[in-house]
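To start, the structure under review is shown below, and the notes come after it.
In each ligand, atom 1 is the first atom listed, and ligand 1 is the first ligand listed. What you see is a predicted model, and the numbers here were worked out from it, not measured in a lab. One-based numbering along the sequence shown.
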Amino acid sequence: MSQEIYAEEIYVARPSMPPFDEFIEEIGELWQTRRLTNMGAKHKKLEEELRRYLHVKNVSLMVNGHMALELAIQAMRLTGEVITTPFTFASTTHAIVRNGLKPVFCDIDPDTYTIDADKIEALITDQTSAILPVHVYGNLCEVEKIRSIAQKYGLKVIYDAAHAFGESYRGTGAGNFGDASIFSFHATKVFHTIEGGAVCFADDEYGMDLYRLKNFGIRGQETVDFIGANAKMNEFQAAMGLCNLRYIDSEIEKRKRVYEQYVKRLTGLAGVRIMKQQSDVKPNYAYFPVIFEEKEFGATRNEVALQLQQAGVYARKYFYPLTSMYDCYHGRFDAEKTPVALGVSKRVLTLPMYGELEEEEIDRICRIIKHTGKR
Ligand SMILES: Cc1ncc(COP(=O)(O)O)c(C=O)c1O
């Protein structure tokens, strides 16, 4: 047995926490106001602060990123088919299907893992109403190409920006692209509210619809004119967000250090492909995906994952399988039609990535990887 087994366990993510006393102070007044949810003062304040931080016109907070996406789609009143990618988390595809729409899967770019914008047009039919691309691992999609395709065919665009918090492209905040962008503030994300999410958008009327949709479709005391959901962020979540937002720049800076340490140790290793940072993008270092090429590396992604796991390191096959291959969609989609996505999903492993990951832990992870390749 390797002595690595006796070291502490390392998970793929570890939520950042604000100083305990600060959170207690932030929630203290809730014992007086007793306003615990329903768009209270903290909810309003967090929306304002996020608007400033993300440099977007409007932010509508939600209970989680998934409901943000479901309601962003519903408020857009889409019909028929939505072009998207299967190389994503369950949420993206489920949100389309749960809105009664048909996902049409486009392949991905082999370097950024985001939708291959050059393959979108061939998938457009008279049923297509929107494009729903994903900024995978914080890599931003080809937003300009996607915008011009959408304009040419009169399509809506909703970005799944769950991984792209705090990023910008040529100085424009990631939440400004398309008709709407959604963020996830799940505990494992760069910025979190325990569970939480938001929709960013420019159109105020669309914002009114979102507001009603997250509160049962209620327009007024006696008028309910939308089949809404309950997707309100509560005050405790918002308080966590207010605290975490004070530390977000230092969290991203810490992640940058982790990123650089991984790069230093893994660069040049035969058969190990590290994700490049995009030029023109201010990154957030949300994930550290690695592609393992079996022939050159000498081991498969699955073997690496297993060796890490046996040493108490829980990396993640993220995203595997493709959403189009899920059991719940059995027989409905053909993964062979997105061969690049299929290949990446079989070879990718996201390594532990969070601000507090220690240099010795990064050493330990990289040692196991190197050792697995040599066996
Ligand atoms: C790409 C993507 N979309 C949507 C979501 C859903 O967000 P949440 O977990 O906040 O509901 C996630 C969350 O992990 C995600 O990774």
Practice item. I would like to know whether H186 and F89 meet ring-ring contact (aromatic ring centres under 6.0 Å, His included); could you show each step before the answer? Key: CA-CA 13 Å; H186 184 259; F89 186 56; 8.5 Å; no

Practice item. Would you please test E22 and Y247 for side chain to side chain donor-acceptor pair (under 3.5 Å) and show each step? Key: CA-CA 12 Å; E22 250 181 65; Y247 297 93; 2.4 Å; yes

Check your understanding: Taking it one step at a time, do K42 and K45 satisfy side chain to side chain contact (heavy atoms under 4.5 Å, CB included)?
Key -> CA-CA 5 Å; K42 301 210 178 286; K45 190 163 175 223; 5.5 Å; no

Review point. Is there a ring-ring contact (aromatic ring centres under 6.0 Å, His included) between Y53 and F165 once you walk through the steps?
Key: CA-CA 10 Å; Y53 187 81; F165 186 87; 5.7 Å; yes

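No side-chain donor-acceptor contact under 3.5 Å links E142 and Y169.
The single protein non-hydrogen atom nearest to atom 12 (C) of ligand 1 is F89 CD2, 3.5 Å, given as residue, atom name and distance. For atom 3 (N) of ligand 1, the closest non-hydrogen atom of the protein is D160 OD2, 2.7 Å.
If you number the atoms of ligand 1 from 1 as listed, the ones under 4.0 Å from a heavy atom of T88 come out as 1 (C). Within ligand 1, the atoms closer than 4.0 Å to a non-hydrogen atom of H66 are 6 (C), 7 (O), 8 (P), 11 (O), numbered from 1 in the order shown. Heavy-atom proximity to G65, at under 4.0 Å, picks out these atoms of ligand 1: 7 (O), 8 (P), 10 (O), 11 (O). Of all atoms in ligand 1, listed by their number and element, those nearer than 4.0 Å to a heavy atom of S91 are 4 (C), 5 (C), 6 (C). Atoms of ligand 1 found under 4.0 Å from any heavy atom of A162, numbered from 1 in the order shown, are 1 (C), 2 (C), 3 (N), 4 (C), 12 (C), 15 (C). When each atom of ligand 1 is checked for a heavy atom of G196 under 4.0 Å away, the hits are 10 (O).
Between atom CD1 of residue I96 and atom CD of residue E70 there is a gap of 11.0 Å, rounded to the nearest 0.5 Å.
Contact record, Y354 with Y11: CE2-O, 3.3 Å, taken as the closest heavy-atom pair.
Within the 4.0 Å heavy-atom shell around ligand 1 one does not find A95. Ligand 1 has no atom lying under 4.0 Å from any heavy atom of L69. At least one heavy atom of K189 sits less than 4.0 Å from an atom of ligand 1. Within the 4.0 Å heavy-atom cutoff, Y318 counts among the residues contacting ligand 1.
Two rings, from H94 and Y329, have their centers less than 6.0 Å apart.
At a heavy-atom cutoff of 4.0 Å, ligand 1 is contacted by the side chain of H163 but not by its backbone.
For the pair T223 (side chain) and R219 (backbone), a donor-acceptor distance under 3.5 Å is absent.
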